[in-house]
Amino acid sequence: MKILVINCGSSSIKYKLYEFPQKTLITKGLIEKIGEKNSPMRDHGHGVSALLTRLIKEKAIESLDEISAVGHRVVHGGETFRQPSIIDKKVLKKITECSKLAPLHNPANLAGILACKKNMPSVVQIAVFDTAFHQTIPQYAYTYAIPLKYYKKYAIRKYGFHGTSHQFVALEASRILNKPLETLKLITCHLGNGCSITAIDKGKSIDTSMGFTPLEGLMMGTRCGDIDVAAVFNIMENENLSLKDIDTILNKKSGLLGVSGISNDIRLIKQGAKDGDSRARLALEMFIYRIKKYIGAYQFILGGADAVCVTAGIGENNPDIVEEIRKSVYALSGDKTKVLIISTDEELMIASLSHELISSPV
Ligand code: AMP
């Protein structure tokens, strides 16, 4: 059967089409410039129509009837979604409610779902949430130490993100180590433009570095990660900044870019450091230091780890950074803890979870 995976951004749709149960990739692509001036893709509905026409034109499918399910990446599932869900009216309403928690992402994901429903009304649509894998994190780890009424009133807590990537990498680690996931303690490090680390005990996320939003935790391409909130108040007061201004600074102008002043791309930072640029060197040292700090903390809360798994653009392509991590892991636990580089595949995870859901008996 064929499963289509859709990842809808505000102005783009990334897609991959798979054949199951073989898990082979048939085709993939990107529809861009949705809603932009002078673009033929006026909205997500036009985008999805163009995508489906392209699949037929490329002969990836002969007709839409061949598609058995569409798996949608949905960024935020709040506390409602612990598992992938078949999208019905109730689920749509809940995803809409979760838009409060991810106002930049969930509305685009929803637009993609509605467009697919319109173009393929009889095909089952499934939502796979970035946050769902982390819903096993215990309350003492997800609660912020602020008055509890804000959790009750506004659902302020740690949610965590990159869930499908952490889950995929954990399953791959179990395959590589040839041990059941239920017997393993793993630390998975998703190091891309966005970065997060997760502690996984017996296949379940027990803590992760991202928080209420993807801003918390590691230093990232353009996000600051952990920071004393009082420092943020200080900058706002000194520079007379609005909430929108400071949000842009912390999310888009910080991290590797903000410290180095060069780029958010680790390749350029490494080149800068090599050429003797002190800000580039500092950015690189901070980036690696913060990763080690989280790995150390998670080794401690897990009571040791069978493997530290490194993935995504930075993790998969920078053996020198992985070597730094390996040295620290080795110094603590010798070769008891393996360091593995694993290619992540979030779309394949979404397709696999969708396949599992539609294949499981009711
Ligand atoms: P991602 O968000 O997973 O696509 O990762 C993006 C980051 O991966 C970029 O900022 C680059 O710094 C890094 N990256 C991607 N490809 C390479 C490569 N071939 N060599 C080194 N770093 C890379």
Side-chain angles (χ1 to χ4, degrees), residues 5 7-16 25 28-30 32 73 75 102 104-105 108-109 128 130-131 133 160-170 172-173 187-198 208-210 213-225 250-275 277 279-291 294 308-326 339-350:
V5 174
N7 182 353
C8 248
S10 56
S11 65
S12 69
I13 305 174
K14 274 193 237 162
Y15 64 90
K16 285 190 181 176
L25 178 67
K28 63 176 182 173
L30 175 69
E32 289 179 290
R73 176 194 180 212
V75 168
L104 298 179
H105 294 99
N109 304 152
V128 179
D130 275 19
T131 49
F133 182 61
F161 298 87
H162 290 147
T164 46
S165 176
H166 290 290
Q167 189 174 7
F168 181 85
V169 168
E172 279 295 284
I187 297 169
T188 50
C189 312
H190 181 108
L191 308 176
N193 198 34
C195 300
S196 67
I197 299 194
T198 298
T208 193
S209 58
M210 282 179 168
T213 74
L215 187 58
E216 192 181 345
L218 298 173
M219 180 177 178
M220 311 183 207
T222 61
R223 297 186 197 124
C224 63
L250 299 178
N251 272 297
K252 303 222 167 99
K253 297 186 175 171
S254 296
L256 290 169
L257 172 67
V259 176
S260 71
I262 295 176
S263 169
N264 61 328
D265 191 317
I266 201 82
R267 288 167 284 200
L268 300 178
I269 314 268
K270 284 193 332 191
Q271 189 56 50
K274 218 165 148 191
D275 295 342
D277 184 300
R279 283 179 62 178
R281 196 175 321 121
L282 174 63
L284 199 55
E285 284 171 358
M286 288 169 63
F287 181 73
I288 295 169
Y289 175 75
R290 192 92 59 102
I291 294 167
Y294 266 97
V308 172
C309 313
V310 185
T311 193
I314 295 178
E316 292 170 33
N317 297 297
N318 294 273
D320 47 342
I321 291 180
V322 178
E323 193 48 37
E324 289 277 325
I325 295 170
R326 195 189 305 275
V339 176
L340 307 172
I341 300 174
I342 295 174
S343 289
T344 193
D345 194 334
E346 288 164 278
E347 290 81 12
L348 180 55
M349 190 74 232
I350 292 172

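Counting starts at 1 for both ligands and their atoms, in listed order. The first residue in the sequence is number 1, and the count goes up from there.
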Query - ring-ring contact (aromatic ring centres under 6.0 Å, His included) partners for Phe287, two or more places apart - result: none
Requested in this report: Please determine if Arg279 and Asp277 form a salt bridge, counting it only when a charged side-chain N lies under 4.0 Å from a carboxylate O.
Outcome: no
Requested in this report: Kindly confirm or rule out an N or O of Gly194 lying under 3.5 angstrom from an N or O of ligand 1.
Outcome: no
Query raised in the report: For atom 6 (C) of ligand 1, what's the nearest protein heavy atom and its distance?
Result: Asn193 N, 3.7 Å
Report task. Answer with yes or no whether the side chains of Ser196 and Thr208 bring together a donor and an acceptor at under 3.5 Å. Result -> no
Query raised in the report: Is the closest protein non-hydrogen atom to atom 4 (O) of ligand 1 under 4.0 Å?
Result: no
Query raised in the report: Relative to the heavy atoms of Ala312, which atoms of ligand 1 are at a distance of less than 4.0 Å?
Result: 3 (O)
Report task. Look only at the side chain of Thr311 and the backbone of His190, and say whether a donor-acceptor pair between them is shorter than 3.5 Å. Result -> no
Query - Sub-4.0 Å atoms of ligand 1 with respect to non-hydrogen atoms of Gly192 - result: 1 (P), 2 (O), 3 (O), 5 (O)
Query raised in the report: How close does the nearest protein non-hydrogen atom get to atom 17 (C) of ligand 1, and which residue and atom is it?
Result: Arg267 NH1, 3.4 Å
Query - Polar contact flag for Ile266 and ligand 1 (N/O pairs, less than 3.5 Å) - result: yes
Query raised in the report: What atoms of ligand 1 come closer than 4.0 angstrom to any heavy atom of Asn264?
Result: 10 (O)
Requested in this report: Please report the C-alpha distance between Asn7 and Lys16 in whole Å, then the side-chain angles of each, then the deciding distance to 0.1 Å, and finally whether the side-chain hydrogen bond (donor to acceptor under 3.5 Å, both in side chains) criterion is met.
Outcome: CA-CA 9 Å; Asn7 182 353; Lys16 285 190 181 176; over 6 Å; no
Requested in this report: Starting from atom 8 (O) of ligand 1, find the nearest protein heavy-atom neighbour and note its residue, name and distance.
Outcome: Gly313 C, 3.1 Å
Requested in this report: Taking ring-ring contact (aromatic ring centres under 6.0 Å, His included) as the test, write out the residues that go with Phe161, two or more places apart.
Outcome: His76
Requested in this report: For ligand 1, find out whether one of its N or O atoms is nearer than 3.5 Å to an N or O atom of Leu191.
Outcome: no
Report summary line: Nearest non-hydrogen protein atom to atom 22 (N) of ligand 1, with distance, is Asn318 ND2, 3.2 Å
Query - Donor-acceptor under 3.5 Å (Arg223 side chain, Gly255 main chain) - result: no
Report summary line: atom 20 (N) of ligand 1: closest protein heavy atom, distance to 0.1 Å, is Asn317 CB, 3.4 Å
**Report entry** Protein contact of atom 11 (C) of ligand 1 - nearest heavy atom, named by residue and atom, plus distance
**Finding:** Asp265 OD1, 3.5 Å
**Report entry** side-chain hydrogen bond (donor to acceptor under 3.5 Å, both in side chains) assessment of Glu32 paired with Ser11
**Finding:** CA-CA 6 Å; Glu32 289 179 290; Ser11 65; over 6 Å; no
Query raised in the report: How close does the nearest protein non-hydrogen atom get to atom 7 (C) of ligand 1, and which residue and atom is it?
Result: Ile314 CG1, 3.8 Å
Report task. Working to the nearest 0.5 Å, report the span between CE of Met220 and CG of Leu215. Result -> 6.5 Å
